[in-house]
Amino acid sequence: MGRTIAAVVEPRAQNKRTYLEGERYIITWAIGHLVGLAEPDQYDPKYKRWNAADLPIIPDRFKLWPNARTKDQLKMIGELAKRCGRLVNACDAGREGQLIFHLIRQYLKLMQPTDRLWISDLTPETIRRGFDGLRSDTEYDDLTRAARARSEADWLVGMNASRAFTIRHKALLSVGRVQTPVLALLYDRHREITAFNSETFFIVQASFDQLDFDYKGVWQGDRITKREEAEKLAAKVKDKPGKIVSYDVNESKEYPYRLHDLTLLQREANGRYGYPAKKTLDIAQALYEKHKAITYPRTSSNYVTEENIPVMGSVLQMLKGTAYADLANGADRSRVHKGNRAVCNPAKVEDHHAILPTPKKPGTLGAEEQHIYDMIVRRFLSHYYPPAVYNNHVVITEVEGEQFRTRAKEQLDIGWRIVLDNGDRNAPKGKSSKGGKKADDASPAGDDGDDDMMETDKPFAVNADLPVHCKHAEAVEKETKPPKPYTEGTLLKAMESAGKAIEDEELRDAMKQTGLGTPATRAATIERLKQVGYIQSAGKRLDITTKGCTAIELIRGAGVELLASPEMTGRWEQRLHQISKGEASDEQFIAKVKQFAELIVDKVKLQQPAAASLFEEPESAGRGKGAAKGRGRAAKPSARTSGGTAERSGGSRSRVSVKTAGAASSGTADAMPFGGASSTAGNGRGAKRAPSVGGADAAIRAAAATRGADRAWNGSGAGETGSGSAHTPSGAAAAGGAAASRVTVASAVERAGGKQATLEQPAVRGAIAACPRPGCGGQLVEGKRGYGCLRFREGCNFVIWKEQQGKTVTAAMAKALAQKGETRKSTVKLANGSSISGKWRLTDPATGAIMFQAES
């Protein structure tokens with residue numbers, strides 16, 4: 001990047017290896033974070049020993065510490081600065097770029113006035129324009145304060161939480177503001193899958209012909225669970241005449257997918273090529289820095305500004321001289337303009353615009369670089385083409401009084417899909433609305449589709465006035481499927497939209513802008529979860545390990561479950577955004593975080609130490625010779641059956657040390673959450689264990705039978721499926737290590753004076769709260785239709801039903817009702833369309849009856 005900038009502002013600059021010197025400018029560089037926040041033992045040597053009595057660690061003033069591996073470059077910057085009267089901050093245009101520069105400036109005590117270069121790509125035109133429009137760095141002071149606040153708050157909570165949990169449970173437990181909620185997503189999905197009870201059902205599929213046209217339809221009626229019934233129905237209609245009783249045709253238009261931000265690019269690359277998120281980021285970074293072929297990749301925007309439109313025209317012209325010539329020549333330049341809000345939307349561009357090709361030809365690319373570049377170019381070109389047009393056909397065919405539905409999506413005009421690879425070009429996927437825009441998918445891959453959906457680029461022709469003949473009919477066995485395990489692509493999507501699970505509207509709006517982490521840090525978060533042994537890759541699938549399950553249960557069980565919730569990151573990012581805009585105080589934010597760090601430590605100290613078996617390393621795993629260097633090796637994953645569902649357990653290989661447990665080096669955006677004491681009520685109990693699969697289901701069925709569930713549900717609902725996890729932690733990887741400069745987990749335990757302890761009365765894994773029924777002492781777990789008590793066999797009939805006056809009671813709401821007797825304020829829509837605000841309240845602790853009470 002330094003050479004690229006120098007080629008524009010100092011083309012005759014001399015290369016001095018660690019810097020470039022021209023007539024007016026000296027150009028040098030940071031290599032990542034040259035300076036970070038000091039480790040605890042750099043404040044006081046006593047912190048080398050991980051001792052519960054020393055927590056919380058809250059510095060009065062944060063110290064800075066140079067990165068030992070890059071000290072020479074830091075020294076060089078200091079020497080060069082003495083020769084200069086002015087500085088230019090040319091780090092990445094964003095919050096972390098401000099932090100990198102200003103920590104260096106503070107550590108070296110550089111007092112020169114400073115300008116800010118703020119650019120989104122490294123083309124000569126952009127660099128020249130950026131230097132012509134340099135602004136004072138003081139204009140970005142609010143952003144700098146937000147960056148510092150993020151870094152210091154991450155340190156405070158990450159260092160204290162990771163040490164507190166590690167010391168208390170005598171095993172390395174890394175806790176992070178972003179990584180822990182992401183791990184919770186994987187844990188909750190794991191619970192859903194292991195608790196899922198598959199059900200077999202049958203559909204009846206018929207084939208019809210009318211004149212020379214054939215089509216298929218699926219029988220419309222209640223779900224059939226018996227093969228005999230399905231086969232009887234198929235025999236009834238086979239080889240019988242029929243008629244079309246309904247035929248509707250609607251035209252729809254499907255518009256191009258949004259321009260890439262980093263997350264969309266990573267999701268598409270994972271789905272198409274199986275690339276991990278970090279690999280895609282590394283490739284994109286090389287296309288940006290080395291080849292100058294794309295714009296800045298670490299962006300969260302899918303749009304451009306008006307200033308980008310002429311540059312996009314230059315890119316289109318450049319592509320006419322490449323392998324994309326046919327597509328570029330067929331493009332309609334007039335479609336991309338400042339009035340096209342699907343492309344140009346300045347209000348949705350903050351630090352950087354969407355990822356685009358640059359006007360520079362990329363030259364020779366490696367195969368993987370070509371894959372990523374190709375996706376970006378094709379997405380770019382698609383916006384110069386018209387929408388794809390379809391006729392959507394819905395046919396209802398009746399035979400012997402039985403009705404069959406046929407849905408067909410007939411492609412009329414391929415439109416922008418001409419730019420896709422051949423494999424995707426003629427396959428209209430995904431949802432579209434009549435005259436509306438395409439749903440914003442990561443890639444052309446859509447849903448699996450329904451049994452009666454037919455997609456074709458050939459004419460679909462039936463005549464509603466003519467008879468039809470049922471040529472064939474058969475019973476097809478189907479099976480309900482559990483949620484799919486996360487892949488890196490689907491996990492990235494979940495991280496991006498995690499705010500949807502938050503009830504508070506203001507927080508949800510904040511999360512819309514951020515999700516969990518930022519596009520630039522999400523890949524690193526996934527990699528860190530792998531490194532600490534919480535998750536492992538199995539092909540494209542991501543599996544949570546036993547250690548990962550235990551970590552979430554301990555965090556939730558300690559009464560600081562907010563650490564595992566997107567709500568914390570929502571509050572955190574909301575406040576940081578306000579600080580960056582000058583609308584909030586960074587000092588007040590840090591004061592709150594200090595209170596929260598103290599609260600975490602206090603809560604964890606009250607928690608029962610986890611059983612040693614939760615972290616034991618199986619003997620079969622053995623110890624490699626790297627063990628003496630602090631490298632713990634976990635057991636290979638093993639599979640066992642529980643409730644008929646295969647379950648994968650065990651830890652991934654991890655190379656970790658206590659020093660890295662805090663996840664809080666100043667260079668990471670992932671070392672814990674922001675919240676107040678009032679938001680972290682807990683019960684102080686230890687780790688939760690699992691009920692048998694279907695435990696919640698049985699509890700709710702029993703309570704429903706006792707209390708007249710049909711009345712409560714107005715006759716709706718069928719069989720429930722319990723969601724209590726059947727996973728029992730065992731064989732997790734324990735962290736080891738004895739490097740001279742790093743304390744081992746074992747010695748930390750000894751110095752804390754602790755002995756191995758086991759849980760006396762473990763809570764049930766998957767339990768959301770204690771049962772509020774007087775004298776019960778049981779625990780509530782979630783079923784498909786409600787939240788019931790596991791002590792139903794002893795006569796407890798407590799159930800909070802999920803469906804209440806058109807509102808779905810979430811697990812968080814049920815927990816609040818059980819623990820506090822009321823939920824947070826929410827809004828309910830009335831039948832007349834108006835809304836009222838109020839709270840749900842538990843009106844009968846014996847049965848679980850609740851009601852909505854409006855505010856007076």
(request) Check whether any side-chain heavy atom of Leu34 sits under 4.5 Å from a side-chain heavy atom of Ile77, and report yes or no. (result) yes
(message) Restricting to non-hydrogen atoms, name the atom on Asn160 and the atom on Pro56 that form the minimum distance, rounded to 0.1 Å.
(response) OD1-CA, 3.1 Å
(request) Please name the pair of heavy atoms, one in Ala818 and one in Ala770, separated by the smallest distance, quoted to 0.1 Å. (result) CB-O, 4.0 Å
(request) Could you tell me which non-hydrogen atom of Leu576 sits nearest to which non-hydrogen atom of Ala149, and how far apart they are? (result) CD2-CB, 4.0 Å
(message) Please verify the inter-ring angle class for Phe165 with His169; under 30° counts as parallel, over 60° as perpendicular, anything in between as tilted.
(response) parallel
(request) Look at atom NZ of Lys278 and say whether more than 12 heavy atoms of other residues, nucleotides or ligands are closer to it than 6.0 Å. (result) no
(message) Keeping Tyr187 on the side-chain end and Gly548 on the backbone end, is there a donor-acceptor pair under 3.5 Å?
(response) no
(request) Give a yes or no on whether a salt bridge exists between Lys530 and Glu488, defined as a side-chain N under 4.0 angstrom from a carboxylate O. (result) yes
(request) Given side-chain hydrogen bond (donor to acceptor under 3.5 Å, both in side chains), test Arg575 with Gln578 step by step and report yes or no. (result) CA-CA 5 Å; Arg575 189 57 51 85; Gln578 291 169 346; 3.1 Å; yes
(message) Is it the case that the side chain of Ser151 and the backbone of Ala147 share a donor-acceptor pair, with hydrogens and angles ignored and the cut-off at 3.5 Å?
(response) no
(message) With a 3.5 Å distance limit and no angle check, can you tell me whether Gln536 reaches the backbone of Thr545 through a side-chain donor-acceptor pair?
(response) no
(message) I'd like to know if the side chain of Thr180 and the backbone of Ala564 have a donor-acceptor N/O pair within less than 3.5 Å.
(response) no
(request) Answer whether the closest heavy-atom distance between the side chains of Val532 and Leu172 falls below 4.5 Å. (result) no
(message) On a heavy-atom basis, which atom in Pro40 and which in Ile57 lie closest, and how many Å separate them?
(response) CB-CD1, 3.9 Å
(message) If you define the side chain from C-beta out and look only at heavy atoms, does anything of Pro59 sit under 4.5 Å from Leu156?
(response) yes
(request) Please test Leu563 against Phe596 for side-chain contact (heavy atoms from CB on, under 4.5 Å), starting from the C-alpha separation and ending with a verdict. (result) CA-CA 11 Å; Leu563 293 180; Phe596 186 62; 3.6 Å; yes
(request) Please answer whether the main-chain N or O of Ser174 pairs with a side-chain N or O of Tyr534 as donor and acceptor at a distance below 3.5 Å. (result) yes
(request) For the residue pair Arg528 and Gln179, confirm or rule out a side-chain donor-acceptor distance under 3.5 Å. (result) yes
(message) Quick one about Gln98 and Arg95 (side-chain donor to acceptor, distance below 3.5 Å, no hydrogens or angles considered), yes or no?
(response) no
(request) With rounding to the nearest 0.5 Å, note down the distance linking CG in Asp44 to CD in Gln42. (result) 12.0 Å
(request) Output the distance between atom CD (Gln607) and atom CZ (Arg168), rounded to the nearest 0.5 Å. (result) 7.5 Å
(request) Decide yes or no on side-chain contact (heavy atoms from CB on, under 4.5 Å) for Asn51 and Ile167, but give the supporting numbers first. (result) CA-CA 7 Å; Asn51 193 329; Ile167 293 168; 5.5 Å; no
(request) With rounding to the nearest 0.5 Å, note down the distance linking CG in Leu108 to NZ in Lys75. (result) 12.0 Å
(message) As an exercise, state the distance from CD1 of Ile768 to OH of Tyr787, rounded to the nearest 0.5 Å.
(response) 6.0 Å
(request) Give me the one residue out of Arg556, Lys815, Lys603 that meets salt bridge (Lys or Arg N to Asp or Glu O under 4.0 Å) with Glu561. (result) Lys815
(request) State the CG-CG distance between Leu599 and Leu562, to the nearest 0.5 angstrom. (result) 10.0 Å
(request) Report the residue from Trp155, Trp572, Phe589 that forms a side chain to side chain contact (heavy atoms under 4.5 Å, CB included) with Arg150. (result) Trp572
(request) Output, in order, the C-alpha distance, side-chain angles, deciding distance and verdict of side-chain contact (heavy atoms from CB on, under 4.5 Å) for Ser162 and Leu173. (result) CA-CA 6 Å; Ser162 293; Leu173 291 173; over 6 Å; no
(request) Would you check if the side chain of Arg298 reaches a backbone N or O of Leu262 as a donor-acceptor pair within less than 3.5 Å? (result) no
(request) Check whether any side-chain heavy atom of Arg522 lies under 4.5 Å from a side-chain heavy atom of Thr263, and answer yes or no. (result) yes
(request) Give a yes or no answer on whether the side chain of Asn67 reaches the backbone of Arg69 with a donor-acceptor pair at less than 3.5 Å. (result) yes
(request) Quick one: closest heavy-atom pair of Lys581 and Asp142, and the distance? (result) C-OD2, 4.0 Å
(message) For the backbone of His577 and the side chain of Ser580, can you confirm whether one donor and one acceptor N or O come within less than 3.5 Å of each other?
(response) yes
(request) Verify side-chain contact (heavy atoms from CB on, under 4.5 Å) between Ile555 and Val175, making sure each step is shown before the conclusion. (result) CA-CA 9 Å; Ile555 291 166; Val175 185; 4.2 Å; yes
(message) Whether the side chain of Ser585 engages the backbone of Gln588 through a donor-acceptor N/O pair (distance < 3.5 Å, no angle test) should be reported.
(response) yes
(message) Are the side chains of Pro772 and Leu842 in contact, using a 4.5 Å heavy-atom criterion?
(response) yes
(message) Counting C-beta onward and ignoring hydrogens, is there a side-chain heavy-atom pair between Glu39 and Lys48 closer than 4.5 Å?
(response) no
(message) To the closest 0.5 Å, what do you measure between CZ (Arg148) and CD1 (Ile579)?
(response) 13.0 Å
(message) Just so I know, are the side chains of Leu492 and Ile526 near enough to count as touching, which here means a heavy-atom distance under 4.5 Å?
(response) yes
(message) I'd like to check Leu74 versus Tyr107 (side-chain heavy atoms, cut-off strictly below 4.5 Å). Are they in contact?
(response) yes
(request) For Lys63 and Tyr43, work out which heavy atoms get closest and say how close. (result) N-OH, 2.8 Å
